[in-house]
2 protein chains.
Amino acid sequence: MRPQFLYEKNLQGVANSVKRKQEQYRKIVRHLYYNGAASIAEIVKAVKISQPLVASLVDDLMSYGMLLDKGVGESIGGRRPNLFCLNSEYQYVIGVDINLHTLNLAVFDLSNKQIFREEIKYFDLENSEDYLNSLVDKIESMISQLGISREKFLAVGISIPGLVDAKQGLSHTHLSVAENGLARVLGDRLGINVLLDNDARTMALGEKAFGKAIDKENVLCLNLSNGIGLGMILNGELHSGKNGFAGEFGHILIDPEGKLCYCGKIGCLETLTSGKILVKNIREAVDKGQPTLLANYKKENKKIDLRAVVEAILQGDQFAIDQLNQMCEYLGKGLVTLIHLLNPEMVIIGGKIAHAGKFVIDPVTMSMNKYAMSRISSETELVCSDLLDDSALMGTMANVMRSVLSLD
Amino acid sequence: MRPQFLYEKNLQGVANSVKRKQEQYRKIVRHLYYNGAASIAEIVKAVKISQPLVASLVDDLMSYGMLLDKGVGESIGGRRPNLFCLNSEYQYVIGVDINLHTLNLAVFDLSNKQIFREEIKYFDLENSEDYLNSLVDKIESMISQLGISREKFLAVGISIPGLVDAKQGLSHTHLSVAENGLARVLGDRLGINVLLDNDARTMALGEKAFGKAIDKENVLCLNLSNGIGLGMILNGELHSGKNGFAGEFGHILIDPEGKLCYCGKIGCLETLTSGKILVKNIREAVDKGQPTLLANYKKENKKIDLRAVVEAILQGDQFAIDQLNQMCEYLGKGLVTLIHLLNPEMVIIGGKIAHAGKFVIDPVTMSMNKYAMSRISSETELVCSDLLDDSALMGTMANVMRSVLSLD
DNA sequence: ACTCTTTTATAATTTTTTTTAAAAGTATTC
DNA sequence: GAATACTTTTAAAAAAAATTATAAAAGAGT
């Protein structure tokens with residue numbers, strides 16, 4: 001059986017019995033992917049198929065090379081079970097995390113291990129055929145470098161900033177040169193299925209699958225870097241809205257008397273809270289002679305960017321901390337709106353600013369305490385991501401597997 | 001077979017085959033409830049069960065009296081099909097719409113027809129054993145008046161304002177005298193299962209099942225009366241949040257320099273936009289001698305309440321329209337936040353103010369045009385409910401049937 | 001009148017489950 | 001420390017359930 005069989009849903013002109021069998025296989029693979037090695041008995045309970053049938057399905061999957069016999073496990077008071085697990089080398093997933101200035105690539109095996117990882121700096125995102133070509137080249141060279149045959153790749157998962165319509169595979173903000181839709185164009189060129197989504201949403205999927213949102217049903221994931229992104233897990237599912245435009249948290253109104261935003265509106269959250277603003281404010285202060293660790297950067301002709309600011313904060317730089325605190329007051333205000341509307345159980349802060357840890361969490365918490373109805377907000381936990389810079393990349397893997405193994 | 005069989009999910013200590021059969025029955029009943037009369041062939045396509053099996057399941061349901069043979073239908077080029085439909089008198093649902101000052105009661109049959117309907121005015125909601133008793137009395141007398149045996153009632157659906165945890169059957173804001181949870185207490189007293197939810201969410205369910213949200217996946221329903229409620233359909237499902245506190249739209253921040261809200265925060269949307277404020281402002285103006293149709297009300301010693309204001313607006317009262325327009329500007333601001341965050345395909349305005357029709361829609365639309373990013377908001381349709389005062393009551397029916405017929 | 005459809009009923013076959021039994025342990029008792 | 005009782009896991013046989021295939025019925029269109 002071809003590896004791709006998992007991917008082929010909604011098969012047409014195929015007997016019903018074939019579809020049903022596929023679904024049964026998928027249930028088993030799904031369970032093993034999400035829960036690790038299991039005995040026949042455990043699978044039976046999880047997938048609600050009878051034991052003789054599960055045994056024969058597992059046999060089939062073993063004969064295809066998709067499952068491996070891991071030998072006997074621990075007994076819980078009777079005969080010791082035979083454990084089975086996914087053959088992690090049976091298939092692979094390519095993860096592509098597109099950022100404004102860098103590109104992260106990875107290849108995952110079915111145990112979610114990154115068997116290849118590359119960070120390409122100074123890979124500036126631009127809407128050109130050239131960018132598209134070199135993106136394809138990078139992926140192709142990764143594939144040939146690994147020497148894994150193309151059929152072994154289940155899909156390519158892509159994370160990209162801006163407005164994305166995942167259902168249609170369209171990226172509206174970036175790479176609109178791909179006229180038939182980015183997913184389609186890349187898929188055709190690579191000969192591998194491509195799955196696309198917005199960076200904040202992809203991060204949310206990463207957190208749900210591998211981070212702090214595991215087993216949570218209503219979680220908001222903030223991507224705090226130069227802008228503000230929001231990915232939402234609601235009722236256990238990623239929320240994308242009608243056109244995939246959901247999550248424009250950066251452009252909600254916070255200060256009606258505030259500054260003009262680049263989006264044309266006044267007082268958007270992003271005019272008050274964003275990495276870009278933070279850096280800008282600090283640069284201006286440094287120019288005016290503000291004493292701060294970051295002033296040394298300038299002397300040494302190093303660039304004061306967001307990474308540098310976060311570093312300074314972690315080193316205890318008083319001025320930078322103050323600036324962040326101010327920002328967090330506004331961010332808290334915005335978050336309160338989200339919490340009042342959606343009553344999530346957890347808010348996860350990710351992106352570059354998440355590296356600041358308690359230096360973000362504490363002031364945001366204070367702001368929330370001030371502005372939120374405590375009955376509602378007290379049910380919401382505020383934490384920093386522990387996947388950090390990896391969350392989008394891990395999210396691409398999560399997105400692919402979620403799509404492939406979904407049961408609908 | 002007892003009518004209640006549909007309701008009994010997660011049966012324990014029962015053979016798997018029995019559960020599966022129940023699920024098959026439920027699929028068929030579900031299809032007939034949501035789509036009306038159908039032939040065996042149509043059911044086969046919809047529920048994905050083979051034709052011989054569907055035929056025998058339908059036979060069973062007929063013999064239980066749950067289904068009726070509607071005779072032959074139109075041919076589409078071959079033998080004319082035999083149509084089957086739900087026996088609408090096989091079971092009934094009680095709907096209870098609790099408002100601050102009135103109580104709406106109804107009994108629905110399985111064709112969603114209100115076979116009984118009563119509006120009880122001056123039935124002020126208060127947190128007392130007395131209220132609970134007279135609520136039960138009203139329901140009991142309705143039941144005995146109809147002469148339908150208790151077993152025929154599938155469930156009681158209740159809509160109530162305030163914070164509600166539907167999963168647990170708890171009403172936090174009102175009727176907390178019911179110590180074991182309102183749903184439980186009423187259920188025990190009535191001897192019928194009780195389903196509880198917040199009024200705005202219940203309205204959203206009503207709109208999704210019977211109103212303008214049919215076939216839509218992402219819809220926001222506003223309950224604009226004395227306060228502001230919000231019910232959200234996201235990814236086709238009602239969103240309640242972790243504790244059922246989602247939808248506190250009235251308490252999102254709109255004006256940081258604004259007035260103190262009764263919730264303790266400053267500048268909440270409800271301090272700027274709500275029926276209560278509208279009425280208050282108009283009353284004050286009337287006292288100061290403002291020329292308006294509503295001034296006559298005062299002369300005639302009639303009360304200036306929200307209903308009167310809406311009436312005046314519909315009669316073209318310039319001052320009242322102006323006041324509403326002002327309110328709508330703020331409401332639009334708030335809605336923009338929602339639309340940016342959730343990218344819904346439709347926003348439905350319900351509640352007493354929805355009676356004003358275009359007098360709300362137009363100014364809110366204008367405000368949205370001003371404050372929203374048009375790429376996102378242009379995908380969102382803004383309409384008034386056509387269920388109007390019935391939406392919560394219809395929603396209780398929808399809630400019960402959704403719960404009973406869900407396939408999980 | 002004939003062919004072509006669609007719907008329904010019946011028979012045959014396949015699939016799946018339940019039942020039963022065997023295998024391989026653990027815990028306990030004497 | 002072996003024998004026994006009790007578990008859990010797996011395998012095989014028997015029974016049940018569900019589907020596919022086939023045929024018949026009932027009508028539409030030409």
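These figures come from a predicted structure and were not determined experimentally. Chain naming here is simple, since letters A, B, ... match the order of the sequence lines and numbering starts at 1 in each.
Closest approach of A:Ser391 and A:Leu387 over heavy atoms only: CB-CB, 3.7 Å. Of all heavy-atom pairs between A:Leu170 and A:Gly181, the closest is CD2-CA, 3.5 Å.
Residues A:Asp109 and A:Tyr90 bring no donor and acceptor atom of their side chains to less than 3.5 Å of each other.
One atom, NZ of B:Lys19, and another, P of D:dA17, lie 16 Å apart when rounded to the nearest Å. Here the P atom of nucleotide C:dT17 and the CD atom of B:Glu23 are 13 Å apart, to the nearest Å. Between B:Gln51 atom CD and C:dT13 atom C1' the separation is 16 Å, expressed in whole Å. When the C1' atom of D:dG29 is taken as reference, atom CD of B:Glu74 falls 15 Å away, rounded to whole Å. The CG atom of B:Leu53 sits 14 Å away from the P atom of C:dA9 (whole-angstrom rounding).
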**Study point:** Base versus backbone protein contacts along nucleotides 25-30 of chain C [heavy-atom cut-off under 4.0 Å; B, S, -]
**Key:** BS----
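Ionic pairing of B:Asp165 and B:Lys242 is not present here: no N-O contact between side-chain nitrogen and carboxylate oxygen is shorter than 4.0 angstrom.
A side chain to side chain contact (heavy atoms under 4.5 Å, CB included) with A:Gln24 holds for exactly one of A:Val29, A:Val54, A:Asp60, A:Leu53; it is A:Leu53.
Within residues 37-50 of chain B, the residues that have a heavy atom under 4.0 Å from DNA chain D are, in order of number, B:Ile49, B:Ser50.
The phosphate of C:dT16 (OP1 or OP2) has a side-chain N or O of A:Gln24 nearer than 4.0 angstrom.
The side chain of B:Arg20 lies closest to D:dA17 when the candidates are C:dT16, C:dT10, D:dA17. Distance from the side chain of A:Pro81 is smallest for D:dT10 among the nucleotides D:dT10, C:dA9, D:dT19.
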